Amino acid sequence: MKIRALIVDDEQLARQRVRLLLGEEADVEVIGESQDGFEAVDQIQATRPDLVFLDVQMPEMDGFEVLRRVPQALLPVVIFTTAHDQHALRAFEVNALDYLLKPFKPTRFKEAVQRARDLIANKHVGVAARGLLALLGQTPAPRVARSQLTRLAVKTPGKVTFVELDQIQAIEAAGKYAVVQVGKENHVLRETMSSLESHLPPQRFLRISRSVIVNIDQIQELQPMFKDENLVVLKNGKSYPTTRPIREIQQKLEFR
């Protein structure tokens, strides 16, 4: 019986390395790759892999947050991969999980795959998932809690303009910058989406994709599309695709 595996890593060479080593495992089938956390959450829910090779440190959403966002019933066996030997990762071993320190050797890789193989064959995936959930519950959030913004300071040549949060319609990623939409104006900030998201009040703003945050009060309607993709339409007529379930966004609108 084939073990269906998903590879998650923001580095292409790292994904290729895992895929190459899995080529030596006749009973393992690679069903896909994800290059970021958002994509990983979507693929895990859509394809329901038996095994996931999951990079711990990724921009925007790390490996821990990926697993927090996956429904408990869909949690697979996880082999973490990391470039840093953090002692906390050793705790995963007592929960029938494993981790690989980059660059990992073929013999160590085979040991991790065999361990996952034994778990899956003995129907202990649920036990591993419960252990993982317990550990995640004890793991501190990767970001230090920060104070929330009440206004947004926008620096322009010769002055600093303060924008009220309720005036913001959406924020879009543009490389290392964020474009804040206020009416017909766009303000460019040298901020990452993750940094902005951590400062914005979650009851007022919702990140609907890797590259878009919207003001909840600016949402006009939600439109189901295809392949589990939905459309968020704002009052200004702009629309953005999202893979978040419509019900989840609807609850955010109703109970904020």
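Nothing here was measured: the structure is a model prediction, and the numbers come from that model.
V70 and I31 fall into different hydrophobic clusters, where Ile, Leu, Val, Met, Phe, Trp and Tyr are joined by side-chain heavy atoms under 4.5 Å apart, directly or via other members. Cluster membership check: L74 shares its hydrophobic cluster with V52, using side-chain heavy-atom separations under 4.5 Å among Ile, Leu, Val, Met, Phe, Trp and Tyr.
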| task | Would you sort out whether V66 and V8 count as a side-chain contact (heavy atoms from CB on, under 4.5 Å), showing the intermediate values? | result | CA-CA 10 Å; V66 167; V8 181; 5.6 Å; no
| request: Take R117 and Q114 through the side-chain hydrogen bond (donor to acceptor under 3.5 Å, both in side chains) test and state the conclusion after the steps. | output: CA-CA 5 Å; R117 183 181 286 119; Q114 185 57 50; 2.6 Å; yes
| said: Test side-chain contact (heavy atoms from CB on, under 4.5 Å) on V163 and H187; report intermediate values, then the result. | reply: CA-CA 10 Å; V163 177; H187 300 287; 4.3 Å; yes
| Stepwise salt bridge (Lys or Arg N to Asp or Glu O under 4.0 Å) test for E29 and R4 | CA-CA 5 Å; E29 174 190 3; R4 302 166 67 255; 5.3 Å; no
| request: Carefully, step by step, assess R115 and I79 under the rule side-chain contact (heavy atoms from CB on, under 4.5 Å). | output: CA-CA 10 Å; R115 191 172 192 183; I79 296 177; over 6 Å; no
| message | Working note: F64 + R68, criterion side-chain contact (heavy atoms from CB on, under 4.5 Å); need CA distance, chi angles, decisive distance, verdict. | response | CA-CA 6 Å; F64 297 110; R68 288 190 181 98; 3.6 Å; yes
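A salt bridge links E65 with R69: the distance from a Lys NZ or Arg NE/NH1/NH2 to an Asp or Glu carboxylate oxygen falls below 4.0 Å. The pair K110-E24 fails the salt-bridge criterion, with no side-chain N (NZ, NE, NH1 or NH2) lying under 4.0 Å from an Asp/Glu carboxylate O. Comment: E197 engages R207 in a salt bridge, judged by a side-chain N to carboxylate O separation of less than 4.0 angstrom.
Rounding to the nearest 0.5 angstrom, the gap separating the CD atom in Q16 from the CD1 atom in I7 is 10.0 Å. One finds the CG atom of D166 at 13.5 Å from the CD1 atom of I216 (value rounded to the nearest 0.5 Å). Here H199 contributes atom NE2 and F205 contributes atom CZ; the two are 13.5 Å apart, rounded to the nearest 0.5 Å. Between the CG atom of D9 and the CD atom of Q57 there is a distance of 10.5 Å, given to the nearest 0.5 Å. Rounding to the nearest 0.5 Å places CG of D55 at 7.0 Å from CD of E11. Between the CG atom in N236 and the CD atom in Q220 there is a gap of 10.0 Å [rounded to 0.5 Å].
For the pair M58 and D10, the minimum side-chain heavy-atom distance is below 4.5 Å. Put simply, the side chain of L100 does not reach to within 4.5 Å of the side chain of F80, judged on heavy atoms. Counting only heavy atoms from C-beta outward, the side chains of Y240 and V214 approach each other to under 4.5 Å. For the pair L234/S239, no side-chain contact is recorded, criterion being any heavy-atom separation below 4.5 Å from C-beta on. The shortest distance between side-chain heavy atoms of V232 and V212 does not fall below 4.5 Å. Side-chain contact between I44 and L6: present, with at least one pair of heavy atoms (C-beta onward) separated by less than 4.5 Å. Inter-residue side-chain proximity for L189 and L152 is flagged as met; some heavy-atom pair is nearer than 4.5 Å. At least one side-chain heavy atom of L67 sits less than 4.5 Å from a side-chain heavy atom of L75.
Ring centroid separation for the pair F104 and F53 does not come in under the 6.0 Å cut-off.
Listed here is the closest heavy atom pair of A40 and S34: CA-OG, 3.5 Å. Taking each heavy atom of G183 and Q169 in turn, the nearest pair found is N-OE1, 3.2 Å. Heavy atoms only, all atoms of each residue included: F162 and A153 are closest at CE2-CB, 3.8 Å. Pairing each heavy atom of P49 with each of P76, the nearest pair is O-CB, 3.3 Å. Between P241 and S209, the shortest heavy-atom distance links the atoms O-CB, 4.2 Å. Scanning both residues, L222 and Q250, for their nearest heavy atoms gives CD1-N, 4.1 Å.
At least one donor-acceptor pair under 3.5 Å links the side chain of N215 to the backbone N or O of I168. E172 places no side-chain N or O within 3.5 Å of a backbone atom of A178 that could act as its donor or acceptor partner. Of the possible polar contacts, none joining the K238 side chain to the A170 backbone as a donor-acceptor pair under 3.5 Å is found. K102 places no side-chain N or O within 3.5 Å of a backbone atom of A14 that could act as its donor or acceptor partner. A donor-acceptor pair under 3.5 Å is formed between the side chain of T242 and the backbone N or O of I208.
When each of D50, V77, L51 is paired with L119, the side-chain contact (heavy atoms from CB on, under 4.5 Å) condition holds for V77 and for no other.
Using modelled atom types, one finds no donor on one side chain facing an acceptor on the other under 3.5 Å when comparing Q43 with Q45. Q12 and Q35 form no side-chain donor-acceptor contact under 3.5 Å, judged by distance and modelled atom types alone.
Around atom CD of E185, no more than 12 heavy atoms belonging to other residues, nucleotides or ligands sit under 6.0 Å away.
Listed by first and then second residue, the salt bridge (charged side-chain N to carboxylate O under 4.0 Å, His left out) pairs that reach into residues 36-49 are D36-R210, sequence neighbours excluded.
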